[in-house]
Chemist: 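Structure incoming, see below.
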Amino acid sequence: MPSPKSQPPIIWLNPAFKLLIWIVTGAMILGLVGHGLLAFFGKDPPTMLQNRFSEICSYSVTFTLPALVGLLCGRAGAPDPNRPRE
């Protein structure tokens with residue numbers, strides 16, 4: 001139980017963390033949009049370039065979704081220490 005004199009933690013936004021979240025989210029969205037565009041406008045059978053583009057989009061989605069979950073869960077599990085009130 002916290003002592004009565006201790007102050008509650010102050011929630012503040014770290015600009016570097018926000019930038020990292022936006023970069024990872026943007027990469028994931030670009031991968032999903034790439035898959036969607038390839039599904040609608042791709043040729044059947046797919047060309048070699050379309051296969052490579054599909055692999056890149058799959059790689060993007062496969063690795064950015066767990067990174068995003070890890071960033072958000074890590075942030076929730078280890079909040080920033082108290083900052084002095086300004």
Side-chain angles (χ1 to χ4, degrees):
M1 183 168 183
S3 65
K5 293 183 180 180
S6 67
Q7 295 179 349
I10 300 168
I11 298 173
W12 60 285
L13 299 175
N14 186 349
F17 182 76
K18 283 177 29 178
L19 178 65
L20 186 61
I21 289 290
W22 280 111
I23 289 171
V24 172
T25 303
M28 185 178 65
I29 289 172
L30 284 175
L32 290 172
V33 168
H35 267 301
L37 290 174
L38 194 57
F40 281 110
F41 301 112
K43 295 180 181 178
D44 192 29
T47 63
M48 189 73 156
L49 185 61
Q50 289 174 343
N51 283 335
R52 184 66 183 142
F53 184 69
S54 177
E55 289 174 9
I56 291 170
C57 290
S58 294
Y59 182 84
S60 169
V61 172
T62 302
F63 286 99
T64 55
L65 185 60
L68 191 60
V69 170
L71 283 170
L72 293 176
C73 291
R75 177 73 171 179
D80 293 326
N82 290 342
R83 282 183 67 178
R85 295 188 186 268
E86 296 174 358

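Everything quoted here is computed from the prediction, not taken from an experiment. Below, all heavy atoms of this structure are taken into account, side chains as well, without hydrogens, waters or symmetry copies.
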Chemist: From T64 OG1 over to L68 CG, what is the distance, rounded to the nearest 0.5 angstrom?
Modeler: 7.5 Å
Chemist: Quick one: side chains of residues 21-45, donor-acceptor pairs under 3.5 Å with protein atoms, not counting sequence neighbours, listed by atom name and distance.
Modeler:
| unit_1 | atom_1 | unit_2 | atom_2 | d |
| --- | --- | --- | --- | --- |
| T25 | OG1 | I21 | O | 2.7 |
| H35 | NE2 | S58 | N | 3.3 |
| H35 | NE2 | S58 | OG | 3.1 |

Chemist: Tell me if the CZ atom of F17 is crowded by more than 12 foreign heavy atoms within 6.0 Å.
Modeler: yes
Chemist: What residues, two or more places apart in sequence or in another chain, satisfy side-chain contact (heavy atoms from CB on, under 4.5 Å) together with T62?
Modeler: none
